[in-house]
Amino acid sequence: MAATVHKLPLAAPGLDLGDEPIQMGSSFGLDLTTLGPEFDANALFNSERVRELQYRDSFFTATNHDHKLFDMNGRMVRPGKLSNQPLLSGAVPSVYVPLDQRRPSTPYRLARKIVTAFSGMVFGYGRFPQLRSDDPDTQDWAGALVEKLGMEIAFLRARNLGGRCGTVGVSWAIVDGEPRLKVHKGYHCHVLEWVDEDQRVPAHVVELYQSKTTAARGKEQWMWRRRDWTLTADVFFRPTPVGKKTPEFWEIDADASYEHGDKKCHFYWIENLPDDDDDGTCDGAPDYAVAYEPLVSLDMLNSVNVQGGIKNLDPTLVLRMDDEDVGKAVVQKGSDNALRTGKDGDAKYLELSGSSIAAGINLVGTNKAQILEVTECVSPDPNVIAAAGTSSVALKMVYAPMLGKCSVLRYQYGRAIVRILTDITDYARQYLPDPRAATDAERYVHAPVVDDEGNVVEEEPIEFTIDLPPRVESTPEIGTDGTSTGRTTQTTYDRHPGGGRVWLEWGPYFQSTADDDQKEAGALSTAAGGKQVMSQQTAVELHANAHDRDGQEEWSRIQREAAAAAKQSAEANAGMFPPIGNPMDDEGATP
């Protein structure tokens with residue numbers, strides 16, 4: 001489809017420049033207090049809620065130890081990423097630094113594994129839900145929309161961000177006819193007003209964060225980045241320098257902002273998991289909400305164990321010689337150097353006992369197993385599973401603790417998918433031309449045109465389209481002799497949202513093997529007395545869905561191919577078997 005979007009005017013004509021920001025703010029559905037110093041950006045940015053979400057997120061990024069000032073050897077390091085600080089790298093404190101105050105040199109990063117494991121189980125390869133509708137046009141429209149939005153990748157990323165800190169936001173927009181989907185970090189977003197807080201339907205959302213930019217002369221400067229979503233508009237603001245005080249004025253970027261008039265906020269608030277421990281929060285719980293302390297211990301255990309192994313590989317040399325015998329000689333180690341100790345001297349390496357490292361490995365494994373157990377994450381050895389040739393039924397038993405949690409995640413994120421597709425479809429139905437209308441007046445939505453005084457002088461049609469690839473149908477060509485020519489004719493049709501509703505159909509977590517299907521079909525047939533237990537259409541749809549194809553479309557193709565073959569056979573047999581009886585003329589008499 002050709003892509004053009006009608007934008008509603010940002011401000012009425014004839015206003016002075018000084019009145020334009022106020023006019024735009026009110027037309028965008030913004031409370032004017034959010035455009036001036038009354039909007040305390042620093043309070044939101046440094047709020048307790050933001051710090052809590054960032055603390056949760058730090059376990060995923062393995063930055064939860066960056067505040068510690070000492071490395072595993074007790075030496076001071078620069079705050080931030082693990083690195084040595086000049087002039088202080090060799091400074092050892094005069095007091096003992098406890099292990100829990102040292103920054104791990106080898107963090108295990110198990111939190112990242114937990115999050116990605118759940119994301120893979122919900123939105124991994126072949127696990128994105130199938131779209132269903134009671135209207136074929138709506139189902140075809142929704143499928144094309146999912147592909148155009150890149151929804152599979154977008155929601156995989158949304159699941160990762162939600163699993164890290166408990167909350168994630170997703171917004172949609174149509175820019176020059178191009179449908180777009182964007183994922184937003186939970187600790188950057190704040191709901192100022194709800195339509196329905198119980199259902200997590202926002203009315204006004206603010207995305208607020210700071211980013212570093214390069215100013216004039218190469219000087220770096222921190223800037224405020226802000227974007228708002230209201231019931232009537234998507235509003236972008238120009239970057240504002242960060243200062244000690246909150247900005248005096250937030251300037252709207254008129255070129256990027258637009259008023260959609262949808263009466264719906266194009267932003268969706270997604271809770272990862274319901275937080276049953278805090279009833280007063282709109283944020284969900286991360287995947288590892290009950291394992292913060294064990295995760296810290298695991299990082300320490302793994303680092304201590306690795307540190308001991310490294311030191312054991314570079315052992316201390318012990319010389320049984322007097323100081324005056326050694327003198328100021330330089331000891332050189334390695335197979336290329338010989339060490340002379342004399343008749344009464346001796347030299348050996350002081351090594352750690354291997355049993356201590358083995359005990360450390362066992363302790364790390366035990367701590368890891370406990371964390372996976374309490375987070376309900378199953379992480380078996382894939383080599384063992386593949387070698388055993390485990391059936392889908394056995395895999396369900398192995399992953400049973402994880403599947404219960406994944407069912408909750410399917411509901412949380414699946415509900416957002418349905419809401420997004422439904423809202424975009426309803427928006428398209430409101431503004432797209434109706435191909436079933438008889439006249440242009442009925443086909444297009446019209447917008448009023450006003451003069452300089454604000455009077456409506458006429459109405460013009462809104463040329464609104466959404467850029468989706470057309471639907472292509474292939475039809476086999478039949479020659480004059482009634483046989484197939486081997487070629488196909490392709491016909492394209494513009495997609496239309498139709499009039500149906502959209503829902504999701506989640507597939508099985510594990511695909512059954514051919515042996516599983518054969519055993520199941522045999523058992524059902526035996527129970528039915530040897531009768532057929534499945535229709536051909538159901539079998540086709542199940543097989544197509546298992547191979548990530550549209551089952552209904554495959555069944556339609558089979559029907560069309562069967563009809564074409566029957567027609568071809570009838571035409572071929574018409575000359576061989578003429579109709580029985582004598583033909584009659586127009587008056588019903590036999591010639």
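Index from 1, following the sequence.
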Worksheet entry | Main-chain N/O of Tyr509 paired with Arg127 side-chain donor or acceptor, under 3.5 Å | yes
Worksheet item: If you look at every heavy atom in Glu376 and Phe118, which pair is closest and at what distance?
Response: O-CZ, 3.4 Å
Fill in: Geometric cation-pi criterion Arg226 and Phe237, 6.0 Å radius, 45° cone
yes
Discussion item. Between Ser133 (side chain only) and Val502 (backbone N and O only), is there a donor and an acceptor less than 3.5 Å apart?
Written reply: no
Discussion item. Any heavy-atom pair between the side chains of Met151 and Leu421 that's under 4.5 Å?
Written reply: yes
Worksheet item: Do Lys264 and Asp423 meet the salt-bridge criterion of a basic N to acidic O distance under 4.0 Å?
Response: yes
Fill in: Audit row: Val168, Arg159, side-chain contact (heavy atoms from CB on, under 4.5 Å) steps and yes/no
CA-CA 8 Å; Val168 65; Arg159 223 312 302 177; over 6 Å; no
Worksheet item: Could you give the distance from NZ (Lys185) to OG1 (Thr167), rounded to the nearest 0.5 Å?
Response: 14.0 Å
Worksheet item: Just by modelled atom types, is the Glu293 backbone N or O under 3.5 Å from a matching donor or acceptor in the Ser297 side chain?
Response: yes
Discussion item. If we ignore hydrogens and angles and just use 3.5 Å, is the side chain of Gln412 paired with the main-chain N or O of Glu271 as donor and acceptor?
Written reply: yes
Worksheet entry | Student check: side-chain heavy atoms of Gln307 and Ser105 closer than 4.5 Å | yes
Discussion item. Could you tell me if the side chain of Val195 sits less than 4.5 Å from the side chain of Leu231, heavy atoms only?
Written reply: yes
Worksheet item: Under the 3.5 angstrom rule, does the side chain of Asn272 hit a backbone N or O of Ala285 as a donor-acceptor pair?
Response: yes
Worksheet item: Considering only heavy atoms from C-beta outward, does the side chain of Leu504 approach that of Arg132 to under 4.5 Å?
Response: no
Worksheet, complete the sentence: In terms of heavy-atom contacts, Ala158 and Val170 come closest through CB-CG2, 4.2 Å
Discussion item. Just checking Tyr292 against Tyr55, ring centres under 6.0 Å apart?
Written reply: yes
Worksheet item: Taking the side chain as C-beta and beyond, is there a heavy-atom pair between Val205 and Pro202 under 4.5 Å?
Response: yes
Worksheet item: Does the salt bridge (charged side-chain N to carboxylate O under 4.0 Å, His left out) test come out yes or no for Glu207 and Arg225, once each step is laid out?
Response: CA-CA 8 Å; Glu207 182 183 37; Arg225 305 285 182 175; over 6 Å; no
Fill in: Any donor-acceptor N/O pair, Lys182 side chain to Gly169 backbone, under 3.5 Å
no
Discussion item. Once rounded to the nearest 0.5 Å, what's the spacing between atom CZ of Arg501 and atom OG1 of Thr422?
Written reply: 9.0 Å
Worksheet entry | Residues Lys68 and His65: side-chain donor-acceptor under 3.5 angstrom | yes
Discussion item. Would you say the rings of Trp172 and Tyr427 are close, in the sense that their centroids are separated by under 6.0 Å?
Written reply: yes
Worksheet item: Does atom CD of Glu373 have more than 12 heavy-atom neighbours from other groups under 6.0 Å away?
Response: no
Worksheet item: Do you know which two heavy atoms are closest between Pro497 and Ala428, and how far apart they sit?
Response: CG-CB, 4.3 Å
Discussion item. With side-chain contact (heavy atoms from CB on, under 4.5 Å) as the criterion, how do Tyr268 and Ile420 come out once you've worked through the C-alpha distance, each side chain's angles and the decisive distance to 0.1 Å?
Written reply: CA-CA 8 Å; Tyr268 302 86; Ile420 291 173; 3.4 Å; yes
Worksheet item: Do the side chain of Thr246 and the main chain of Pro37 share a donor and acceptor less than 3.5 angstrom apart?
Response: no
Practice prompt. Would you please test Trp194 and Arg200 for side-chain contact (heavy atoms from CB on, under 4.5 Å) and show each step?
Written response: CA-CA 7 Å; Trp194 294 95; Arg200 298 295 185 254; 3.8 Å; yes
Worksheet entry | Distance in Å, Arg103 CZ paired with Thr63 OG1, rounded so as to fall on 0.5 Å steps | 10.5 Å
Item to complete: Please report the C-alpha distance between Thr281 and Asp275 in whole Å, then the side-chain angles of each, then the deciding distance to 0.1 Å, and finally whether the side chain to side chain donor-acceptor pair (under 3.5 Å) criterion is met.
Response: CA-CA 8 Å; Thr281 180; Asp275 191 350; 5.6 Å; no
Worksheet entry | Any Trp141 side-chain heavy atom under 4.5 Å of Thr425 side chain | yes
Fill in: Check: Trp269 side chain, Cys282 main-chain N or O, donor-acceptor pair, under 3.5 Å
yes
Practice prompt. Determine, for Arg56 against Asp287, whether the closest basic-nitrogen to carboxylate-oxygen distance falls under 4.0 angstrom.
Written response: no
Worksheet item: Under 6.0 Å from the six-membered ring centre of Tyr288 and within 45° of its axis: does the NZ or CZ of Arg164 meet both?
Response: no
Item to complete: Please check if atom CD in Glu147 has more than 12 non-hydrogen atoms from other residues, nucleotides or ligands closer than 6.0 Å.
Response: no
Practice prompt. Please round to the nearest 0.5 Å and tell me the distance separating atom CG of Asn64 and atom CG of Leu295.
Written response: 8.0 Å
Fill in: Test of ring centre spacing under 6.0 Å for Phe45 and Trp224
yes
Item to complete: Drop me the distance from Asp228's CG to Leu208's CG, to the nearest 0.5 angstrom.
Response: 9.0 Å
Discussion item. Counting only heavy atoms from other residues, nucleotides and ligands, does the tally under 6.0 Å from CD of Glu48 exceed 12?
Written reply: no
Practice prompt. Check whether any side-chain heavy atom of Val206 sits under 4.5 Å from a side-chain heavy atom of Cys189, and report yes or no.
Written response: no
Fill in: Where Val378 and Met402 come nearest, the two heavy atoms and their spacing
N-SD, 3.7 Å
Discussion item. Can you give me the closest heavy-atom contact between Leu99 and Met72, atom names plus distance?
Written reply: CD2-CE, 4.4 Å
Fill in: Partners passing side-chain contact (heavy atoms from CB on, under 4.5 Å) against Ser379 (at least two apart in sequence or in another chain)
Lys113, Leu372
Practice prompt. Just jot down the ring pair (Phe, Tyr, Trp, His ring centres under 6.0 Å) partners of Phe60, sequence neighbours excluded, or say none.
Written response: none
Worksheet item: When the ring planes of Trp506 and Phe123 are compared, do they come out parallel, tilted or perpendicular, using 30° and 60° as the limits?
Response: tilted
Fill in: Side-chain (Ser257) to main-chain (Ala254) donor-acceptor, under 3.5 angstrom
no
Worksheet entry | Sidechain-backbone polar pair: Asp135 side chain, Gly499 backbone, donor-acceptor under 3.5 Å | yes
Worksheet, complete the sentence: Taken to the nearest 0.5 Å, the spacing of Asn302 CG from Lys368 NZ works out to 10.0 Å
Practice prompt. Measure centre to centre between the rings of His184 and Trp229, then say whether the value is under 6.0 Å.
Written response: yes
Worksheet item: Parallel, tilted or perpendicular: which describes the rings of Trp250 and Phe39, with under 30° parallel and over 60° perpendicular?
Response: perpendicular
Worksheet item: Relative to each other, are the rings of His266 and His260 parallel, tilted or perpendicular (30° and 60° limits)?
Response: parallel
Worksheet item: Are any non-hydrogen side-chain atoms of Leu273 and Leu409 less than 4.5 angstrom apart?
Response: yes
Fill in: side-chain contact (heavy atoms from CB on, under 4.5 Å) between Val296 and Phe59, intermediate numbers included
CA-CA 9 Å; Val296 173; Phe59 286 86; 3.9 Å; yes
Practice prompt. Quick one: closest heavy-atom pair of Leu432 and Ile466, and the distance?
Written response: CD2-N, 4.0 Å
Worksheet item: Can you list the steps and then say if Asp71 with Arg102 is a salt bridge (charged side-chain N to carboxylate O under 4.0 Å, His left out)?
Response: CA-CA 5 Å; Asp71 64 10; Arg102 303 184 188 185; over 6 Å; no
